[in-house]
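Written out below as structure tokens is the structure these notes cover.
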Amino acid sequence: MTEKGSVDERLSEKSLNTNSPIIIGGEKYHGEKKHNFRNGFGVYVYPNKFFRYEGEWRDGKKHGHGRLVMGDGGYYEGEFSSGEMSGSGVRYWAHSGHKYSGQFVGGEMEGAGCIVYRDGSSYEGTFSNNKREGSGVLRTAEGVYEGQFHDNRRHGDGVLSYHNGDVFTGYWVRDRRQGHGRMQYASGAMYEGQWRNDMRNGEGYFEDVSGVIYEGLWRNNLPTCQPTRIAVTSGEVSMVQGEPFNLEVEVLTQDGEKVTQVSGMKLRARALYKHLKPPADFKESLLEVITEIDDNPVKTPFFDAVSYPLTEFSELTKEVERVLAQESSDDADQSQEKVALNDSAVNDLEVSTDLPTTTVESQNPEPLSPGKASKSEEWVPPPPSDVTISAGCGNFHGLVLPAAPLSYRPHLIEHFLETKKRDRQPPPPQPKKRNEVELTEEEKRSKAILERCSKRGQFVIEVSDVTEPPFERRLQSVHVLVTVNKPNTSTHKLKQTKR
């Protein structure tokens, strides 16, 4: 209903010029007339009876406010001018379910208006020749678009806010993202660059939520230089026991080209040692079973292997310095205790000769102060830091293989097999203990480092892609063989001294 009232209200209010409807050639009109023309308010039924108009007339034409009803349930209600729908009005199409309210010119949607579609989507903006044209806001199941339109389509600059949280800001051509645009993804990732056919195509900059950055060419939504594998370019490693080593890595395309366009991928290194199946007569403690029960073998190009400690040389030297400082402190404490006990014994003898003689050896030493670590306490080396790829390259610097825990199963099995191989012969007699020569600080340091490093043998370093979330895909891990050799004592001491 409009402000002008319903047709029944108008008919009851009007005093019509005729008491009966005029019927000419099947047409039927009931309403006001002037000079034999429909003038004023009246109801008109067309000959085909599909159309029915009720409203205002002037000189025989629909003019003013009125309602045109169609036989299928559709209608127009609003302003008419010289027989045409012109001005403000509401149009409903029964066959499509669309409903428009806004401006009309010559029966066409023209100017500002709002249309609601059957599926619930809507457009509010400007129209021309019954089509979306100019600027407006389109709300669909995909999201909300605000920007330019041409020929009923998104065309020109516009912003589409997707319902999933993504936001695209850029240029559109015939309902497709085309040209320069920026996509801010709900995940936190961002792409800015060229688009074609509604996809990332051309030069573009992509920054993932994981920190990965790709800057280069795109084709059909994918980077043209996509990393597919990891390579350890430094090759197999042959190192001296107690010495650090480096691993240089790259990310490559399927054709073996370095992907210099990629930065920010995270790679992680871990060490592996040869897996040995325990023989039937091998016995191990419950502690050893608990320690190793989840350590499943990993297949490598060299042998099946299980995890082994890996750390950075800086962490190892920090531990050595801590232990040496602790030992020095303990030695100083023991010296002071001996001096104090000796002084006490002398004083007791001077005070009374009747008291029993007391020697230093009979005294019970004080326990270690709280917070002082026992020498038997095992050090748990922290794993090395992950490497961040820059321009397709990365470097694991200063890696070292520390000594394994006392309960490390592969070493226990090796020791057991070596003992069996010697037919369980008793160990050879130990040489007589020689007087220990006082070591220099650097010699003590070198000795401590060797004691805390791995035994000689072959190890495997596994480098894995731990980028989270993965960039396009998770890259397969790569393995490199590391051989630990016996050190040349003089050379090793010289190197340690230089450090």
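Pairs engaging residues 168-184 under the side chain to side chain donor-acceptor pair (under 3.5 Å) rule: R154-D175, Y162-R177, R177-D198, H180-E192, R182-Q184, R182-E192 [sequence neighbours left out]. Applying the ring pair (Phe, Tyr, Trp, His ring centres under 6.0 Å) definition to pairs two or more places apart or across chains, none involves residues 220-268. For residues 254-264, no pair satisfies side chain to side chain donor-acceptor pair (under 3.5 Å), with sequence neighbours left out. Sequence neighbours left out, the pairs with a member in residues 118-140 that pass salt bridge (Lys or Arg N to Asp or Glu O under 4.0 Å) are K131-D151. Here side chain to side chain donor-acceptor pair (under 3.5 Å) pairs that include residues 213-231, with residues two or more places apart or in two chains, are R200-N221.
When all heavy atoms of V400 and C453 are compared, the closest pair comes out as CG2-SG, 4.1 Å.
L138 contributes atom CG, which lies 10.5 Å from atom CD1 of I115 (distance to the nearest 0.5 angstrom). Residue E32 holds its CD atom at 8.5 Å from CG of N39, rounded to the nearest 0.5 Å. Going from atom OG1 of T467 over to atom CD1 of I389 covers 8.5 Å, rounded to the nearest 0.5 Å. Atom CZ of F206 is separated from atom CD1 of I213 by 10.5 Å, given to the nearest 0.5 angstrom. Annotation: the span from F127 atom CZ to N152 atom CG amounts to 8.0 Å, rounded to 0.5 Å. Atom CG of L310 is separated from atom CD1 of I461 by 5.0 Å, given to the nearest 0.5 angstrom.
Every residue two or more places apart in sequence or in another chain that forms a side chain to side chain contact (heavy atoms under 4.5 Å, CB included) with E248 is listed here: T233, S234, N395. By the side-chain hydrogen bond (donor to acceptor under 3.5 Å, both in side chains) test, E110 pairs with S128, sequence neighbours left out. For K299, the salt bridge (Lys or Arg N to Asp or Glu O under 4.0 Å) partners two or more places apart in sequence, or in a different chain, are D304. Contacts of P381 classified as side chain to side chain contact (heavy atoms under 4.5 Å, CB included), with partners at least two apart in sequence or in another chain: P309, T311, W379, P402. A search for salt bridge (Lys or Arg N to Asp or Glu O under 4.0 Å) contacts involving E315 returns K318, not counting sequence neighbours. Scanning for side chain to side chain contact (heavy atoms under 4.5 Å, CB included) contacts around A231 gives L252, with sequence neighbours left out.
Separation of the F459 and Y273 ring centroids falls under the 6.0 Å cut-off.
Summarising the local packing, CZ of F37 is surrounded by 12 or fewer heavy atoms from other residues, nucleotides or ligands at distances under 6.0 Å. In this structure, E146 places its CD atom where only 12 or fewer heavy-atom neighbours from other residues, nucleotides or ligands lie under 6.0 Å away. Shown here is K455, whose NZ atom has more than 12 heavy atoms of other residues, nucleotides or ligands within 6.0 Å. For D72, the CG atom counts as densely surrounded, since its 6.0 Å shell holds more than 12 non-hydrogen atoms of other residues, nucleotides or ligands.
Using bins of under 30°, 30° to 60° and over 60° for the plane-to-plane angle, the ring pair Y29/W57 lands in the perpendicular bin.
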- Go through N129 and E108 one step at a time and tell me if the side-chain hydrogen bond (donor to acceptor under 3.5 Å, both in side chains) criterion holds. CA-CA 6 Å; N129 295 323; E108 306 277 331; over 6 Å; no

- Please lay out, stage by stage, how E56 and R58 fare under the test salt bridge (charged side-chain N to carboxylate O under 4.0 Å, His left out). CA-CA 7 Å; E56 296 176 325; R58 190 174 72 182; over 6 Å; no

- Query: Passes side-chain hydrogen bond (donor to acceptor under 3.5 Å, both in side chains), R270 versus S464? Steps please.
  - Reply: CA-CA 8 Å; R270 70 163 177 161; S464 303; 5.7 Å; no

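Contact of the N485 side chain with the Q241 side chain is not registered, since no non-hydrogen atoms from C-beta on lie closer than 4.5 Å. The closest side-chain heavy-atom distance from T483 to E236 is not below 4.5 Å.
For the ring pair (Phe, Tyr, Trp, His ring centres under 6.0 Å) with Y92, the qualifying choice from Y76, Y100, Y117, Y75 is Y75, the only one to do so.
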Sequence neighbours left out, cut at 3.5 Å: what donor-acceptor pairs do the side chains of residues 80-88 make with other protein atoms?
from : atom 1 : to   : atom 2 : distance (Å)
S86  : OG     : G106 : N      : 3.0
S88  : OG     : Q103 : NE2    : 2.9

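In the model, H155 has no side-chain atom that pairs as donor or acceptor with a side-chain atom of Q148 under 3.5 Å.
Checking side-chain atoms of N48 against main-chain N and O of F50 turns up a donor-acceptor pair under 3.5 Å.
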